[in-house]
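Report on the structure given below.
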Amino acid sequence: LSAPDGKKHFAEASKVAEHPILQSEEFKKERESKAALTQLERDRLAAERLAKATAKIKKTERVNKVKSNLVPLVTELMNGGGSEQSLLNVVLQQHVSCRGCGRMSSREAEKTLGLEAGWSSYDDVPDATEEELKQYPRVLATFYQQGFPYMNGVRRLMELYKKKAWDMATPDFQRLVRMDPENAKCNGYLNSAILYLRKFRESGGFDNLLDISDMDPVKLQSTFTPDFDREKGKEQENFEDLQVDVPLELVMADATAKWRSELQEKLDDDGYLLEDVDARGQRPVALSVSLLPNATEEEWVLWPRILDKYETFCKGESEEEKPIKREAEANDMFLAMKELLEEHGKSPDAMASSKYLKMVKNIYGSGTHKDRVAALGKFADFWAAHQNDEFP
């Protein structure tokens with residue numbers, strides 16, 4: 001095991017390989033079924049290689065699209081139309097763009113090419129058509145699904161100005177937002193939203209918008225559909241700053257019965273949060289995992305043996321009928337717990353506590369590591385039953 005401080009911990013070597021059980025017919029059958037996992041792994045790797053090859057083809061298509069812009073420009077110039085500046089822009093774009101995806105490699109390159117419109121006010125930014133306004137929910141849903149923050153800020157700007165989403169994801173539009181009084185009222189929240197919308201555009205988000213036809217209509221309307229009838233600026237009339245409602249559990253996932261006094265420790269004299277918020281002071285991110293007790297040296301010695309017994313426990317508790325599936329499920333649980341331990345380095349009692357489970361649910365409950373929540377729940381059951389056992 002690798003602790004968060006980088007220190008390595010090992011279980012003491014033993015002669016377990018010489019145990020009679022390992023020579024039994026049942027174990028040999030189990031070992032043979034384990035070997036079948038190798039083929040599954042090969043299939044998974046083949047699928048990953050196919051996905052990478054598909055992504056590479058898409059990148060090539062983007063590059064070809066950039067190069068193809070030369071053809072109509074040259075044809076137009078030969079027929080007496082167009083401009084030499086447009087031709088030079090496309091040539092220079094190919095020169096400074098990324099060879100892998102055809103996109104601009106830096107903000108300076110965009111300025112050099114003069115690709116942005118140089119807008120001096122919102123009036124200069126192209127308005128969204130009715131069809132493009134209808135696409136706003138798809139853009140917001142995809143933006144949110146890909147894990148980008150500040151989705152509410154993007155939606156608010158759509159409500160305020162109704163501009164083309166593609167043009168909103170540009171440095172020039174961000175400059176307008178940065179100077180916008182609406183942005184000042186909310187401590188730069190709208191500027192941060194456009195910053196991530198630009199990242200969304202650069203990563204090809206507009207090329208793969210979600211199909212929202214099967215989405216829950218209530219969620220679609222309440223979360224991803226801009227309210228164009230919402231009055232501008234009224235919510236800020238009597239406030240010097242944006243008032244944000246934050247669930248208390250996001251700020252104090254480790255709260256106890258004395259939460260009132262504990263909350264005061266997180267606030268300054270004016271009642272503002274001192275920590276556990278992002279750079280803009282709007283969105284809590286840390287959940288005070290650091291307040292839980294770390295594993296001691298003695299507990300680090302025990303952890304490899306605890307995890308070994310935990311894996312056996314998971315295998316015995318599995319509802320899968322086939323041994324190979326029980327083995328795979330237990331292995332997934334083991335790896336998820338090992339990742340949590342190496343990331344946070346907490347004691348067994350702390351990691352089996354309801355506080356820690358709540359924190360992990362808030363951090364990983366809706367992301368790509370949902371398996372950690374299931375593994376931790378299983379560990380809490382395991383520890384409740386075996387915390388007083390021997391771990392030789």
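All residue numbers refer to positions in the sequence shown, counting from 1.
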- Side chain Thr225, main chain Pro137, donor-acceptor under 3.5 Å: no
- Message: Grouping I, L, V, M, F, W and Y whenever their side-chain heavy atoms are under 4.5 Å apart, do Leu157 and Met179 come out in a common cluster?
- Response: no
- Message: List the residues meeting salt bridge (Lys or Arg N to Asp or Glu O under 4.0 Å) with Lys378, not counting sequence neighbours, and say none if there are none.
- Response: none
- Indicate whether any N or O donor in one side chain lies under 3.5 Å from an N or O acceptor in the other, for Trp119 and Asp167. no
- Task: Please determine if Lys199 and Glu202 form a salt bridge, counting it only when a charged side-chain N lies under 4.0 Å from a carboxylate O.
- Result: no
- Quick one: list whatever passes ring pair (Phe, Tyr, Trp, His ring centres under 6.0 Å) with Tyr356, sequence neighbours left out. His344
- Query: Would Glu342 and Lys338 satisfy salt bridge (charged side-chain N to carboxylate O under 4.0 Å, His left out), going step by step from the backbone distance to the final call?
  - Reply: CA-CA 6 Å; Glu342 293 184 331; Lys338 181 175 181 290; 2.9 Å; yes
- Message: Could you tell me if the side chain of Lys346 sits less than 4.5 Å from the side chain of Leu340, heavy atoms only?
- Response: no
- Message: Side chains of His386 and Ile306, heavy atoms from C-beta outward: is any pair under 4.5 Å?
- Response: no
- Hits for salt bridge (Lys or Arg N to Asp or Glu O under 4.0 Å) against Lys219, two or more places apart or cross-chain, chain-then-number order -> none
- Item | Heavy-atom side-chain contact between Asp227 and Arg155 under 4.5 Å | no
- Query: OG/Ser192 to CD/Gln174 distance, rounded to the nearest 0.5 angstrom?
  - Reply: 8.5 Å
- Message: What I'd like to find out is whether the side chain of Arg198 reaches to under 4.5 Å of the side chain of Thr170, using heavy atoms alone.
- Response: no
- Query: Between Asp211 and Ser213, is any side-chain donor less than 3.5 angstrom from a side-chain acceptor?
  - Reply: yes
- Under the ring-ring contact (aromatic ring centres under 6.0 Å, His included) rule, what do Phe200 and Phe206 come out as? Steps first, then yes or no, please. CA-CA 8 Å; Phe200 173 74; Phe206 286 102; 5.1 Å; yes
- Item | Test ring pair (Phe, Tyr, Trp, His ring centres under 6.0 Å) applied to Tyr136 - qualifying residues, sequence neighbours left out | none
- Query: Which residues satisfy the side-chain hydrogen bond (donor to acceptor under 3.5 Å, both in side chains) test with Asn183, sequence neighbours excluded?
  - Reply: none
- Which residues pass the side chain to side chain contact (heavy atoms under 4.5 Å, CB included) test with Ser318, sequence neighbours left out? Glu320, Arg326, Glu329
- Message: Applying the ring-ring contact (aromatic ring centres under 6.0 Å, His included) criterion to Trp303, which one of Phe391, Phe379, Tyr310 satisfies it?
- Response: Phe379
- Message: Going by salt bridge (Lys or Arg N to Asp or Glu O under 4.0 Å), name the residues that satisfy it together with Asp127, two or more places apart in sequence or in a different chain.
- Response: Lys163
- Query: With Met215, which residues qualify under side chain to side chain contact (heavy atoms under 4.5 Å, CB included), at least two apart?
  - Reply: Ala141, Ile212, Leu220, Phe224
- Query: Quick one: ring pair (Phe, Tyr, Trp, His ring centres under 6.0 Å) partners of Phe334, sequence neighbours excluded?
  - Reply: none
- Sequence-distant partners of Asp180, side-chain hydrogen bond (donor to acceptor under 3.5 Å, both in side chains), two or more places apart: Tyr122, Tyr161
- Item | Side-chain touch Leu133/Lys162, heavy atoms, less than 4.5 angstrom | yes
- Message: According to side chain to side chain contact (heavy atoms under 4.5 Å, CB included), who are the partners of Thr296, at least two apart in sequence or on a separate chain?
- Response: Glu298, Glu299
- Query: With Arg372, which residues qualify under salt bridge (Lys or Arg N to Asp or Glu O under 4.0 Å), at least two apart?
  - Reply: Glu339, Glu343
